[in-house]
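Note on naming: letters A, B, ... go to the chains in the order of the sequence lines (proteins, then strands), and numbering restarts at 1 for each one. Below, each value reflects all heavy atoms present in this structure, side chains not excepted, and no hydrogens, waters or symmetry copies.
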There are 2 protein chains.
Amino acid sequence: MTIRHETAPMPAAPLRLAEVAARAGVSESTVSRVLRNIGPIAEATRVAVLKAAEELGYVPNRLAGALASTGSALVGVVVPSLDNIVFAEVLRGVTERLEEAGLQAVIGVTGYDLAREERIVSALLAWRPRGIVMAGIDHTPRLRDLLAANGTAVVEMMDIDGAEPALDRRVGLSHGAAGAAMAAHLVARGHRRFGYVGHDISRDIRARKRLDGFAAELARRGAVLVAEEMVAGPSSVAAGRAGLAALLAAHRDLDAVYFSNDDMAVGGYFHCEANGIRMPGDLAIAGFNGLDIGQELPRRLTTVRSPRYRIGQLAAEQILTRQEAAEDMAKPATIDVGFELIAGETA
Amino acid sequence: MTIRHETAPMPAAPLRLAEVAARAGVSESTVSRVLRNIGPIAEATRVAVLKAAEELGYVPNRLAGALASTGSALVGVVVPSLDNIVFAEVLRGVTERLEEAGLQAVIGVTGYDLAREERIVSALLAWRPRGIVMAGIDHTPRLRDLLAANGTAVVEMMDIDGAEPALDRRVGLSHGAAGAAMAAHLVARGHRRFGYVGHDISRDIRARKRLDGFAAELARRGAVLVAEEMVAGPSSVAAGRAGLAALLAAHRDLDAVYFSNDDMAVGGYFHCEANGIRMPGDLAIAGFNGLDIGQELPRRLTTVRSPRYRIGQLAAEQILTRQEAAEDMAKPATIDVGFELIAGETA
DNA sequence: AGCATCTATGCAAGCGCTGTCATCCATTAT
DNA sequence: ATAATGGATGACAGCGCTTGCATAGATGCT
């Protein structure tokens with residue numbers, strides 16, 4: 001015997017296409033065609049079917065639909081983290097664009113762990129998604145093989161630096177160039193002795209690329225990266241604050257400090273503010289991302305803006321247009337969305 | 001004729017259970033059982049099957065699996081926004097917990113629009129998800145009907161205040177109580193003349209509930225809510241900053257200002273800092289959420305912490321345990337995770 | 001009128017799995 | 001030795017939908 005909660009009205013009526021067809025007095029195929037808007041349908045039939053479906057509260061079973069037609073309306077989206085507003089914004093761009101096209105995002109979070117990324121993508125592939133959107137261009141060899149053998153549309157987001165060939169399409173920016181641009185800017189402002197405060201850079205590959213670009217450009221311009229302070233764990237305001245404190249304790253003679261991103265830089269900003277260190281007079285600070293919070297500080301943070309929402313949208317678009325473009329070599333496989341240096345008031 | 005990109009090795013081999021079965025020299029059912037770890041299987045067979053699957057790079061088709069067995073490993077997750085770190089954290093809690101159980105989240109973003117929520121949930125239902133997790137307890141009547149008739153497991157997150165009966169399970173906190181708690185705290189600190197700065201409260205129902213609870217408690221304690229400043233659009237640091245500026249321009253005699261959330265409050269904090277207004281001496285400010293950023297400010301923000309990650313985890317858990325608990329009335333339909341008032345340094 | 005065209009609809013064969021039932025050996029018990 | 005047990009596997013009928021092909025009126029054209 002089954003006891004049902006009073007508020008649950010019906011035994012979860014397994015409503016099928018057949019029920020709608022019966023009620024509308026037509027065949028299943030006709031209902032299917034009406035619901036998907038394909039083929040020629042008499043207006044009277046269309047109306048009757050729509051009415052029947054509406055009255056019954058019919059919700060088509062997309063699992064069956066996808067199975068029958070090969071190709072689901074699902075898109076896998078893999079991001080490294082959701083602690084940070086950055087990927088949430090990318091995700092928003094992706095989901096919004098997908099929604100317009102009637103597709104849905106299945107998400108996975110890797111925690112910046114490539115092995116986990118491999119597992120997650122593999123699991124995502126089981127839904128035969130229309131495509132996979134993932135952050136970063138660095139993957140395990142096994143994942144590369146899997147995706148290649150699979151033939152699924154793949155978009156790698158955020159990053160475009162790297163020797164590895166693109167899996168399929170790329171939408172992002174050069175983090176090396178972004179780091180270099182900031183180095184150039186800071187040197188032009190007269191700073192010479194630099195420090196760096198970062199978070200766990202072995203995992204955040206793009207932060208490392210920025211640092212590498214930054215350091216290389218400093219060297220080229222005759223400035224020097226005196227010290228690097230790496231804080232364990234993910235980036236955060238607290239880590240940035242603690243990191244700067246530690247860095248300055250060991251090195252009193254720095255002109256400027258580059259942070260792995262804006263969260264960290266805002267932490268540095270607060271450290272300065274709390275300790276009477278004037279920016280940029282006593283110390284210049286700079287970040288990366290162009291987060292709103294940095295631009296609302298009493299002194300606007302000097303940083304590089306990455307078009308995150310746009311990247312998300314473009315990535316989704318790549319999946320959407322992939323069919324037409326499959327053999328169209330005119331479409332570039334890599335889209336560089338660029339970045340914008342924000343010359344704030346902290347450097 | 002089809003031209004393939006050189007890097008795409010194979011014509012997307014439609015690898016099926018049958019291929020694996022053939023290679024392992026067993027039947028499809030056996031492969032299926034091995035892969036799902038059910039029924040008695042000879043060790044030699046298991047090894048052979050696993051080997052074949054591995055070598056072929058077989059990824060099972062979950063669409064087919066779900067269709068055949070009724071019940072997909074998908075869970076719909078609906079949040080109002082991703083601009084704000086709050087829902088990103090909830091989402092992280094949900095996805096992490098689901099991942100442990102081998103389920104995957106399909107997400108939808110409503111933009112605080114109930115009509116859109118209805119459409120999104122309806123689309124999600126098409127995947128015959130194991131359950132639906134959504135933020136908020138206020139929905140369109142049609143959506144309530146749809147979910148009730150459908151029998152899907154539903155978890156409403158974040159909020160537990162409301163006359164409407166729960167659709168199924170709830171995990172959240174009382175925003176009215178949170179608002180009241182802050183009012184009590186601020187009055188106890190000696191503040192009497194209050195202001196409020198909020199964002200588009202017609203959409204953010206929970207912010208409204210906090211305000212209502214706050215105002216009611218103030219009245220009960222003999223304090224007065226002098227003015228409310230509503231900034232159009234979503235909450236943001238910029239909106240909080242502008243809102244406080246506007247509020248103070250019109251009302252110079254306020255003791256304390258309650259903000260719709262921490263993003264807004266941080267904006268207010270920056271306004272004070274930039275204008276030489278001392279906190280809490282000249283003006284007390286308080287927010288809601290307990291975001292990290294607020295706790296890293298030079299003066300810790302007075303706020304109420306909501307256990308967002310935990311809510312996400314618990315919500316996912318409700319879906320996971322729903323089966324066993326289906327007839328178990330012992331399990332409460334509503335879980336109140338509570339909140340914690342953080343007596344910071346700004347009030 | 002007679003035939004080619006359309007337009008509108010139905011039929012039936014799958015899509016790739018799962019789950020039930022039957023089958024077939026090995027064991028162990030009697 | 002023979003029956004009773006149980007472990008291991010295969011056959012096969014779907015799950016709910018899509019889609020190519022067939023069918024059948026309704027026109028249009030000569």
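Applying the side chain to side chain contact (heavy atoms under 4.5 Å, CB included) test to B:Ala18 and every residue at least two apart in sequence or in another chain returns B:Arg16, B:Glu28. By the side chain to side chain contact (heavy atoms under 4.5 Å, CB included) test, B:Arg310 is found to be paired with B:Pro307, B:Leu314, residues two or more places apart in sequence or in another chain being considered.
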What pairs of donor and acceptor atoms, side-chain ones from residues 86-94 of chain A against any protein atom, are under 3.5 angstrom apart with sequence neighbours left out?
from    : atom 1 : to       : atom 2 : distance (Å)
A:Glu89 : OE1    : A:Arg308 : NE     : 2.8
A:Glu89 : OE1    : A:Arg308 : NH2    : 3.1
A:Arg92 : NE     : B:Asp83  : OD1    : 2.7
A:Arg92 : NH2    : B:Asp83  : OD1    : 3.4

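Contacts between residues 60-72 of chain A and DNA chain C, counted as heavy-atom distances below 4.0 Å, involve A:Leu67, A:Ala68. A heavy-atom distance below 4.0 Å to DNA chain D is reached by these residues of residues 40-59 of chain B, ordered by number: B:Pro40, B:Ile41, B:Ala42, B:Thr45.
B:Ser32 and B:Ser29 share no side-chain donor-acceptor pair at under 3.5 Å. When only modelled atom types and interatomic distance are considered, A:Glu96 and A:Tyr309 share a side-chain donor-acceptor pair under 3.5 Å.
Using a 4.0 Å cut-off between charged nitrogen and carboxylate oxygen, A:Glu164 and A:Arg170 do not count as a salt-bridge pair.
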- Verdict with supporting geometry, B:Arg169 and B:Glu156, salt bridge (Lys or Arg N to Asp or Glu O under 4.0 Å): CA-CA 6 Å; B:Arg169 323 293 278 271; B:Glu156 297 167 282; over 6 Å; no
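The CG-P distance, from A:Leu17 to D:dG14, rounds to 19 Å in whole Å. Between B:Leu35 atom CG and C:dC17 atom P the separation is 9 Å, expressed in whole Å. The nearest whole Å value for the distance from the CD1 atom in B:Ile38 to the P atom in D:dA8 is 14 Å. Here C:dG16 presents its C1' atom at 11 Å from CD of B:Glu19, a figure rounded to the nearest Å. Atom CZ in B:Arg16 sits about 10 Å away from atom C1' in C:dC15, given to the nearest Å. Separating the CH2 atom of A:Trp127 from the C1' atom of C:dG16 is a distance of 13 Å, rounded to the nearest angstrom.
Regarding contacts with the backbone of D:dT9, every side-chain N or O of B:Ser27 stays at 4.0 angstrom or more from both OP1 and OP2. In this model, the phosphate group of C:dT18 is approached by a side-chain N or O of B:Ser32 to a distance below 4.0 Å at OP1 or OP2.
Side-chain proximity of B:Glu28 to the nucleotides D:dG10, C:dC17, D:dC17 is greatest for C:dC17. In the set D:dT18, D:dC17, C:dC17, D:dT18 carries the atom at the smallest distance from any side-chain atom of A:Arg36.
Counting non-hydrogen atoms under 4.0 angstrom, A:Ser29 reaches a base of the nucleic acid.
Applying the salt bridge (charged side-chain N to carboxylate O under 4.0 Å, His left out) rule to pairs touching residues 55-69 of chain B yields B:Arg23-B:Glu55, B:Lys51-B:Glu55, sequence neighbours excluded.
The main-chain N or O of B:Ile319 is never found under 3.5 Å from a side-chain atom of B:Arg130 such that the two would form a donor-acceptor pair.
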